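Heavy-atom basis, side chains included; hydrogens, waters and symmetry copies ignored. The sequence lines fix the lettering, A, B, ..., with proteins before strands; numbering per chain opens at 1. The model shown is predicted, which means the values in this text are computed figures rather than measured ones.
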Amino acid sequence: MSDPAEFVPKSDFLRIMRERGFIHQCTDMEALDAAALAGPVTTYVGYDATADSLHIGHLISIMMLRWLQKTGHKPIVLMGGGTTKVGDPTDKDQQRPLLSDETIAANIASIRQTFAKFLTFGEGPTCAIMGNNAEWLEKLGYVEFLREYGVHFTVNRMLSFDSVKLRLEREQPLSFLEFNYMLMQATDFLELHRRYGCVLQMGGSDQWGNIVNGVELVRRVAQKAAFGLTTPLLTTSSGQKMGKSVGGAVWLNADKLSPYDYWQMWRNTEDADVGRFLKLFTDLPLDEIARLEALRDAEINEAKKILANEATTLLHGAEAAATAAGAAKAAFEEGRLSADLPTHETPRAELEAGVPLATLAADAGLASSRSEARRLAQGGGLRLNDAPESDGQRMITLADCNSEGLIKLAAGRKKIVLVKPV
RNA sequence: GGGGGAAUGUCCCGAGCGGCAAAGGGGGCGGACUGUAAAUCCGCUGGCGUACGCCUUCGUAGGUUCGAGUCCUACUUCCCCCA
């Protein structure tokens with residue numbers, strides 16, 4: 001492994017990856033750079049189908065694939081229909097519940113649409129293609145698997161990888177099922193190499209061990225050079241793991257996190273992270289980013305808006321981004337309502353009878369339960385039409401509608417929902 | 001094979017003489033301060049109910065007891081010691 005910090009790549013792809021902060025580790029920067037100069041490098045990233053949407057943690061690798069394609073190489077998006085059935089032990093203390101075939105299939109169907117927004121799929125030489133490792137993993141017989149692939153791995157070595165080592169050190173059980181995960185991922189790489197000439201696997205830094213195993217398997221079995229490249233863990237400057245938004249994970253599917261909330265998440269980036277995130281999550285040129293991150297104090301808010309606009313445009317489209325920006329501007333800068341704010345519809349009949357504030361707030365998604373909404377109100381965090389309302393029991397009726405026939409509820413300064421009688 | 005320990009509020013770590021919705025951190029959320037930032041200070045942090053209240057939680061399954069996270073039995077997983 002060469003130190004990626006010292007080598008200066010000549011290929012467009014690696015140069016850009018370096019400049020923009022995508023690279024954490026690489027199995028062999030110099031050789032990979034040479035390969036990228038020589039012609040299209042077919043590259044894959046794997047995504048397990050553990051949920052019905054990808055989240056922001058996946059976005060770095062998607063952006064990498066995007067740059068890869070832009071610089072003349074071929075991306076493969078591999079859905080982990082097979083590996084999801086086994087479960088990656090990385091960074092987990094416990095095996096997650098095994099997902100059913102139906103759930104996995106549904107998750108894949110729900111996830112795949114995201115990639116079309118960032119990559120161009122098709123038949124061309126640098127067009128992205130999508131695969132599913134269930135296609136080959138599920139056909140493997142046990143003895144065949146052991147003889148064909150198992151011989152190339154030593155348990156000694158497997159125990160040395162963090163995903164396994166940490167679990168053992170933390171005294172958490174690691175089932176034999178999960179222990180096999182890295183072998184399955186390694187066979188993916190080999191299979192993709194055989195089918196498409198894939199020679200590079202990328203992923204998050206936590207995937208290093210899994211990736212290295214695949215690289216070695218390709219080298220050993222196919223006698224071909226193969227490479228691995230990982231990205232740094234996505235964290236914020238102050239806190240830790242990034243990936244929180246208005247109460248929960250930052251999902252990429254619009255039905256799990258609205259474009260408005262997605263825009264807000266970026267808008268609320270910490271000052272210290274603005275430059276880094278612009279480089280990772282937008283296509284803006286570096287000199288423009290340098291100008292933006294040099295802004296200080298209140299002015300850096302402009303950079304955050306650009307970050308939010310750009311990132312939201314990539315995922316949800318320019319229109320959705322503009323709508324989100326407009327709603328935010330109206331609500332936060334001009335103090336007026338916008339119909340584009342998140343809206344919760346409540347049957348008119350219920351409001352005629354009266355609904356307790358806490359109930360309405362919980363239903364509207366401002367709190368996860370009525371109790372929480374009540375506590376929120378008592379703590380002064382719940383506002384009804386901009387006025388703090390500490391009584392969660394207070395009955396809300398149509399009389400609370402403003403001139404536009406809406407009721408504005410807010411939890412804290414940033415979570416706003418318009419209740420609309422229907 | 002034998003002996004001794006450990007699993008706690010479904011985010012994490014962690015205290016817990018038989019009366020416990022369960023100490024304390026971290027995290028998260030809210031308030032103040034700000035720039036929809038960070039830092040700092042303060043509050044909240046199982047669910048349901050307008051309310052005296054009710055319900056569900058301490059690895060799993062049983063048992064003792066008016067009453068069990070706390071005692072007993074079996075099981076699961078992990079650690080340590082002796083073989």
Side-chain angles (χ1 to χ4, degrees), chain A residues 55 91-97 166-178 235-250 260-278 292-293 295-309 312 324-336 338 341-342 353-363 365-384 386-396 409-416:
Chain A
H55 55 74
D91 279 344
K92 292 189 214 38
D93 277 348
Q94 295 180 350
Q95 184 170 331
R96 73 170 70 221
L166 294 178
R167 182 80 79 89
L168 295 179
E169 281 174 358
R170 293 163 89 175
E171 303 172 9
Q172 297 297 323
L174 174 74
S175 70
F176 184 67
L177 175 81
E178 297 168 280
T235 56
T236 64
S237 295
S238 62
Q240 307 278 318
K241 62 242 162 176
M242 155 155 193
K244 285 281 186 176
S245 70
V246 230
V250 180
Y260 172 82
D261 286 327
Y262 189 73
W263 193 95
Q264 280 296 317
M265 188 274 300
W266 292 111
R267 172 64 247 270
N268 285 300
T269 296
E270 294 175 23
D271 289 7
D273 292 325
V274 170
R276 192 159 54 97
F277 288 177
L278 280 166
L292 290 171
E293 71 178 325
L295 296 173
R296 284 291 165 262
D297 301 323
E299 289 192 337
I300 202 168
N301 284 331
E302 288 310 309
K304 294 183 188 180
K305 287 181 204 169
I306 291 172
L307 171 62
N309 285 336
T312 306
K329 185 177 185 188
F332 291 106
E333 295 178 25
E334 299 164 5
R336 61 185 175 80
S338 162
L341 285 169
V355 180
L357 175 60
T359 303
L360 192 60
D363 290 349
L366 292 176
S368 57
S369 69
R370 291 172 198 185
S371 302
E372 187 180 306
R374 210 172 293 127
R375 282 192 296 265
L376 183 69
Q378 277 167 7
L382 193 57
R383 292 201 307 286
L384 169 65
D386 294 321
E389 175 55 71
S390 61
D391 180 13
Q393 257 53 256
R394 147 129 193 222
M395 297 304 273
I396 305 301
L409 291 182
R413 300 257 166 245
K414 298 174 190 171
K415 279 183 282 188
I416 303 170

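For B/G30, neither phosphate oxygen OP1 nor OP2 lies less than 4.0 angstrom from any side-chain nitrogen or oxygen of A/Arg375. Using a 4.0 Å cut-off, no side-chain N or O of A/Arg374 falls inside it from OP1 or OP2 of B/G47. An OP1 or OP2 oxygen of B/G30 is reached within less than 4.0 angstrom by a side-chain nitrogen or oxygen of A/Lys415. Close to B/A37, at under 4.0 Å from its OP1 or OP2, lies a side-chain N or O of A/Lys414.
Residue contacts for A/Ala411: at a heavy-atom cut-off of 4.0 Å it reaches the sugar-phosphate backbone alone, with no base atom in range. Using a 4.0 Å heavy-atom cutoff across all strands shown, A/Leu382 reaches no nucleic acid atom at all.
Within the model, atoms CD of A/Glu270 and NZ of A/Lys304 stand 8.0 Å from one another, a figure rounded to the nearest 0.5 Å.
Comparing B/U65 with B/G59, their C1' atoms are spaced 23 Å from each other, to the whole Å. The C1' atoms of B/C17 and B/U56 are separated by 26 Å, rounded to the nearest whole Å.
Applying the salt bridge (Lys or Arg N to Asp or Glu O under 4.0 Å) rule to A/Arg370 yields no partners; only residues at least two apart in sequence or on another chain are considered. Looking at residues two or more places apart in sequence or on another chain, you find a side-chain hydrogen bond (donor to acceptor under 3.5 Å, both in side chains) between A/Arg267 and A/Asn301.
A/Gln264 contributes a side-chain N or O that forms a donor-acceptor pair with the base of B/U36 under 3.5 Å.
Glycosidic conformation of B/C55 is anti; the angle lies outside 90° of 0.
Judged by Watson-Crick or G-U wobble contacts below 3.5 Å, the nucleotide B/A32 has B/U40 as its partner. Pair assignment for B/G1: B/C82, on the basis of Watson-Crick or G-U wobble contacts that are both within less than 3.5 Å.
Each of A/Ser369 and A/Arg296 has a nearest nucleotide on RNA chain B; the 5'-most of these lies closest to A/Arg296.
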